[in-house]
Amino acid sequence: MRLVDMHCHLDLMANGPEVAAEAAEIGLGILNASVAPRDYLATRDAYRDSPTVRCAAGLHPWWIDDGTCSVDDVDLLEQEIARTPFVGEVGLDYGKSHLASASSQRDAFERIVRACAEHPLPGRVLTIHAVRSAGDVLDILEGHGLTHSAACIIHWFSGTSDELARARKAGCLFSVNEFMLGTRRGREYARQIPVERLLLETDLPADRGPGSAEVIAASLERTLATIAELKGIDAEQLGQQVCSHSCELLGLL
Ligand SMILES: [Zn+2]
């Protein structure tokens with residue numbers, strides 16, 4: 001394995017299975033984050049034979065906000081959490097356009113995290129969306145002891161520096177993408193995050209068009225190069241360390 005994308009949406013790409021086949025050829029690992037439990041069921045079957053893809057069962061807060069997912073979907077996700085160690089994309093979004101659904105988002109996230117705590121599968125990994133909500137996300141994760149019993153990865157961290165300090169202290173991991181490195185604050189956070197807590201991701205696709213494993217790999221390479229430069233360390237060495245940690249988390253050889 002050469003590179004691992006710890007937060008990608010193959011099921012939102014027009015040609016996900018093609019991308020998965022290409023990923024295996026070029027040594028690219030992918031954690032496929034789903035946005036709705038029914039999508040997860042479909043991707044789990046579609047990528048069953050993809051050696052470098054792991055599918056996570058998720059329910060994105062936007063899909064709660066817009067009414068696409070209901071309490072039934074949370075029920076379904078709870079069942080899947082008992083069977084798969086990989087969970088995400090889950091979390092909270094208190095951005096202006098999603099704030100109205102904050103309390104139903106919180107109810108769902110609380111149930112999801114509780115289900116993870118009640119089914120402590122070995123190798124549990126969560127990929128978490130936290131927009132203007134890192135405090136509540138951490139309260140819920142810590143309330144169920146998940147920061148100790150699971151790898152809690154905050155994807156594209158955008159909270160305050162106090163929240164970053166709290167999440168680091170709690171033991172969270174952070175997956176960084178090119179969008180995050182596009183802001184001064186994001187670059188400063190990437191510089192501060194210790195290498196052993198740092199992972200790479202793309203959050204692709206930006207639209208629902210076709211994707212490509214080469215495009216994903218190139219984005220991860222650029223992210224890696226920028227972080228190495230920010231930290232003043234060797235990119236190749238950083239890449240190896242981050243890649244082997246990611247492989248360990250996903251059970252990839
Ligand atoms: Zn995402």
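For reference, positions follow the sequence shown, starting with 1. Each ligand, and each atom within it, is numbered from 1 in the order the structure gives.
The closest approach of Asp203 to the Zn ion (ligand 1), by N/O/S atoms, is made by OD1. Of all N/O/S atoms in Glu89, OE1 sits nearest the Zn ion (ligand 1).
Side-chain atoms of Glu178 and Ser219 include a donor-acceptor pair closer than 3.5 Å. For the 3.5 Å distance criterion, the side chains of His129 and Asp93 qualify, holding a donor opposite an acceptor.
Among the backbone and side-chain atoms of His9, an N, O or S atom lies under 2.8 Å from the Zn ion (ligand 1). Within the coordination shell of the Zn ion (ligand 1), defined by N, O or S atoms under 2.8 Å, Cys8 is absent.
Ring pair Trp62/His60 is tilted by interplanar angle, where 30° to 60° counts as tilted.
Using a 4.0 Å cut-off between a side-chain N of Lys or Arg and a carboxylate O of Asp or Glu, Glu80 and Arg44 qualify as a salt bridge.
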